[in-house]
Amino acid sequence: MRWFKNVTLVLLAFVVGIILLPFQAKAAAPKQILIGTLYASSGPFATSSTSQYHGLEFWANQVNKQGGVYVAAFKKKIPVKLIAYDDQSSTTLAATLYNQLITRDKVNLLVADFGSVLTSVAVPIAQEHKILLFDPTGTSAKFFSPKNPYLVLTSLPTSGVWPTVLADFLITHKINKVAVIYSANDFNQSQAETLKAKLEAAKIKPVYYHAVPTDTSNYTVLIRTIQATHPEALIEFGYPPNDIAFLQNLQASGAKFNMVFTIFPGQQLALIEKNVGTKALEYTYTYPTPPLLVYNKVNYGMPMSEFEKAYTQETKRPVDFLTVAGYNAGLIIEKSLSTSKEFNQLAFRNAINSFSGKIFTLNGLFKINNEGAQIGEFLPVGQFQPTKTGLALHVVYPMNIATGKPIYPAP
Amino acid sequence: MELFFYALISGVLFGIFFALVGIGLNLIFGVMRMVNLAHGDFIMLGAFGAWLIFNKLDINPLWSIPIEIVVFMIVGFFVYYAFVPRLSKSKDPEMLSFILFFGVAQVIEALAIFAFGNNQKSIPFSTLGQGSVTILSQPIPFAWLISAIISLIIIGFIYYYLYHTRMGYATRAIMSSQEEAASVGISVSKISAFAMGIGLSLAALAGVLAPFMIGSIDPSIGSSLTTMSFAIVVIGSLGNPIGTILGGIIYGIAMMFMQTYLASWTNLVPYVILILILLVKPAGLLGKKVRNA
């Protein structure tokens, strides 16, 4: 009879286990939603990274003022806590800290630091630990694959898509002699490659097409070399320090081109203008982004005017695109938590898929493809035109959203 | 051919500036056999000094030169008496100096972030003169020419100090052998403290010109400037300040030719030259000759 007793006990334990399983699966609501992120207080990405972090921090403060973020899985509001470490713009340190956020701090969600360089180490770590990575500005196309469901790009299209409108602008305006100089990193290289491919498809072969090291701080000799190829348009793809050095050197060299394009004046105008002066930006082209580009059809989160007012009032800091990107990442997190019926990573991703293409934030339409890459936003072409009070950034292409006409060639 | 001459002239002008960037590091190593890994951070501080003078007092940044000479001489004396005598007593002062000055570099960078923030700062090139000047039919930015001339004058002073003054003779005697210099009555600690002051002042003066030569500045530029200084110093000759001039010019010309003809490889070539020189002539190009002078 001893065997009968043992079998009965085992069966009983099994039945009790089956009965209790649903209760066990439905874990208790956490006291706080832990969001792990990194920022760079020093190094080449410090300016951009801290702006992005401040935007995310502002979102967390706003949410907590209202009692927390609504978590549909627990049907209640739960306060948000940001856990942030300083990666000093170092990918090595960032890799350690991302791991630390997941394994030691046990964060519920992960937000990547600014840009493709610092996001590149977060993507495989998040995938390995099966934690959803909210990526505000790491736009390298190499990050995205249908096999990785643990990545969502919240703010910008993948960098390879950025120059699509720019290429159309050049082709439409019959600007056939184009020089392209770009910093040797994923972000800039993918843009240069797309632009080159699109121009070549239109039978325009760039007269100059070269990469330079990302830490290049003096472009004068390069500008002189480019000048010798007599281009009509000079396109420089770089990070903010590159754009500053390039525009400064261009002005100092006295070289003139019909069209000059740089990326970051459209994202961090205050920083660039402070360093290179208004004169150096006159008639140059860029990608206009919020807050310089205002979307009116906002159906989730604050519209731009309200955000600018609230943010500057609370933080005493100016708003730039990266602040908007940080805040926007917070909005997408908020929406996914308030939509997902279950509190697990794949459920969050499925929730994001369900509202993709349906919400308009201050950053435009949020829409992702099956790889998690942003496809709702696109980057128009804008030109800085002098006014009596300084500079005005006009969207000059595509025509359906243009706010002004391009002044070409530059005087 | 136009591009060739432009790269050559730019390379020489940058080379003279690079010589100033490296010479302070080499002087300190030559006298104390200590590696100042914070050298680039002192250059960064010098650059911020010029930026402050220009931005807050609205005067020409070159006025920061006399101020920075005094300030960094004092800092040099402090750094010497605070660290060097203790390091010298250790078994391996060279290795310990690496670690110590690495720490100093980190502290300086952190303090600079507190003081100036992370954003890039710059001084308009036009503060040193508008437009460009024609050299061998090539339009060279005026700011480069002025920076190279100032660098050359400062290097000239160092040459005069080392080869035509009593303190300079004593400095070179210590470079050859501390023990022998001490045995003939030279005060090694006083001369070394003075050399540390001069070394840091030279770094700061290179910093004053840095915004016109290397573009915008921020607190994190120190480490790359230190690395660059090492390459320049080793190409010329470690321990021989005058060899640094040659190292700087080779570095400058190599960099500018690479930017002109093979832009993607710009960062690589100066270090390839460094490796080649270490393999062919490990003491540096002017290694033996001047060290025994």
Side-chain angles (χ1 to χ4, degrees), chain A residues 39-51 86 88-90 181-184 189 208-229 239-249 251-255 268 270-272 274-277 279-280, chain B residues 2-3 5-11 13-14 55 106 109-110 112-114 117-126 128-132 138-144 210-224 228 255-268:
Chain A
Y39 63 91
S41 75
S42 57
F45 306 116
T47 312
S48 311
S49 171
T50 43
S51 276
D86 181 2
Q88 297 167 32
S89 297
S90 154
I181 184 166
Y182 62 96
S183 299
Q189 191 177 345
Y208 181 96
Y209 183 82
H210 279 292
V212 292
T214 303
D215 62 359
T216 299
S217 61
N218 196 314
Y219 284 81
T220 311
V221 173
L222 293 159
I223 290 167
R224 177 80 178 150
T225 313
I226 292 166
Q227 208 179 8
T229 64
Y239 278 114
N242 303 107
D243 289 359
I244 290 171
F246 171 78
L247 289 165
Q248 264 183 337
N249 294 157
Q251 194 183 27
S253 70
Q268 292 187 294
L271 171 74
I272 309 276
K274 199 173 166 188
N275 277 283
V276 305
K279 204 83 187 150
Chain B
E2 257 192 31
L3 290 178
F5 280 118
Y6 194 82
L8 184 68
I9 297 161
S10 311
L13 295 178
F14 265 79
N55 228 39
Q106 298 301 309
E109 186 179 330
I113 290 170
F114 278 127
N118 292 312
N119 289 351
Q120 284 83 27
K121 308 272 191 298
S122 56
I123 303 173
F125 283 29
S126 55
L128 287 194
Q130 292 277 5
S132 54
Q138 301 303 313
I140 302 293
F142 202 64
W144 288 8
F212 308 105
M213 300 301 274
I214 61 167
S216 58
I217 53 165
D218 67 76
S220 67
I221 59 170
S223 55
S224 60
M228 182 205 282
M255 202 178 96
M256 291 306 168
F257 270 102
M258 288 312 293
Q259 275 206 346
T260 305
Y261 296 108
L262 274 173
S264 315
W265 301 87
T266 306
N267 279 6
L268 191 67

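Within every chain, numbering begins at 1; the chains are lettered A, B, ... in the order of the sequence lines, protein sequences first and strands thereafter. Note that this is a predicted model, so its numbers are computed, not measured.
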Completion exercise
CD1 (B:I214) and OG1 (A:T216) are apart, to the nearest 0.5 Å, by 12.5 Å
Problem - Residue among A:V221, A:I226, A:D215, A:V276 with most heavy-atom pairs under 4.5 Å to chain B - result: A:V221
Completion exercise
Rounding to 0.5 Å, atoms CD (A:Q189) and OG (B:S264) come to a distance of 9.0 Å
Problem - Toward chain A, the part of B:L268 with a non-hydrogen atom under 4.5 Å - result: neither
Handout entry: Short side-chain to backbone donor-acceptor contact, A:S217 and B:G215, under 3.5 Å
Key = no
Exercise for the section: Against chain A, label B:W265 side chain, backbone, both or neither, depending on which of its atoms sit under 4.5 Å from a heavy atom there. Expected result: neither
Exercise for the section: Return yes when atom CZ of B:F142 has more than 12 non-hydrogen atoms of other residues, nucleotides or ligands closer than 6.0 Å, and no otherwise. Expected result: no
Problem - Engaged part of B:I113 at the chain A interface, taking heavy atoms whose separation is under 4.5 Å - result: side chain
Exercise for the section: Rounded to the nearest 0.5 Å, what's the gap from OG1 on A:T220 to CE on B:M256? Could you check? Expected result: 7.5 Å
Practice task
Please look at A:L222 and chain B and tell me whether the side chain, the backbone, both or neither of the residue comes under 4.5 angstrom of a heavy atom of that chain.
Solution key: both
Handout entry: Those residues of residues 239-247 of chain A, ordered by number, that approach chain B below 4.5 Å (heavy atom to heavy atom)
Key = A:P241, A:I244
Fill in the blank from the handout: CZ of A:R224 to OG of B:S132, rounded to nearest 0.5 Å, is 9.0 Å
Handout entry: Interface moiety of A:T50 toward chain B, non-hydrogen atoms closer than 4.5 Å
Key = side chain
Exercise for the section: For each of B:P219, B:A110, B:P141, B:P139, tally heavy-atom pairs with chain A at distances under 4.5 Å, and name the one with the top tally. Expected result: B:P139
Practice task
Pick whichever of A:G254, A:A46, A:P213 has the most heavy-atom pairs under 4.5 Å with chain B.
Solution key: A:P213
Practice task
Please flag which part of B:F14 lies under 4.5 Å from any non-hydrogen atom of chain A: side chain, backbone, both or neither.
Solution key: side chain
Practice task
Below 4.5 Å from any heavy atom of chain B, which atoms of A:Y208 appear? Answer side chain, backbone, both or neither.
Solution key: side chain
Fill in the blank from the handout: If one checks every heavy atom of B:M213 against chain A at 4.5 Å, the contacting part turns out to be backbone
Completion exercise
So OG of B:S122 and CD of A:Q248: to nearest 0.5 Å the spacing works out to 4.0 Å
Practice task
Tell me, for A:S49 versus chain B, whether the close heavy atoms (under 4.5 Å) come from the side chain, the backbone, both or neither.
Solution key: neither
Exercise for the section: State, with a plain yes or no, whether a side-chain heavy atom of A:T225 is found less than 4.5 Å away from one of B:Y261. Expected result: no
Exercise for the section: Any chance you could measure A:Q88, atom CD, to B:S220, atom OG, to the nearest 0.5 Å? Expected result: 10.5 Å
Problem - Minimum heavy-atom distance between B:E109 and A:S42, given as atom pair plus value - result: OE2-CB, 3.5 Å
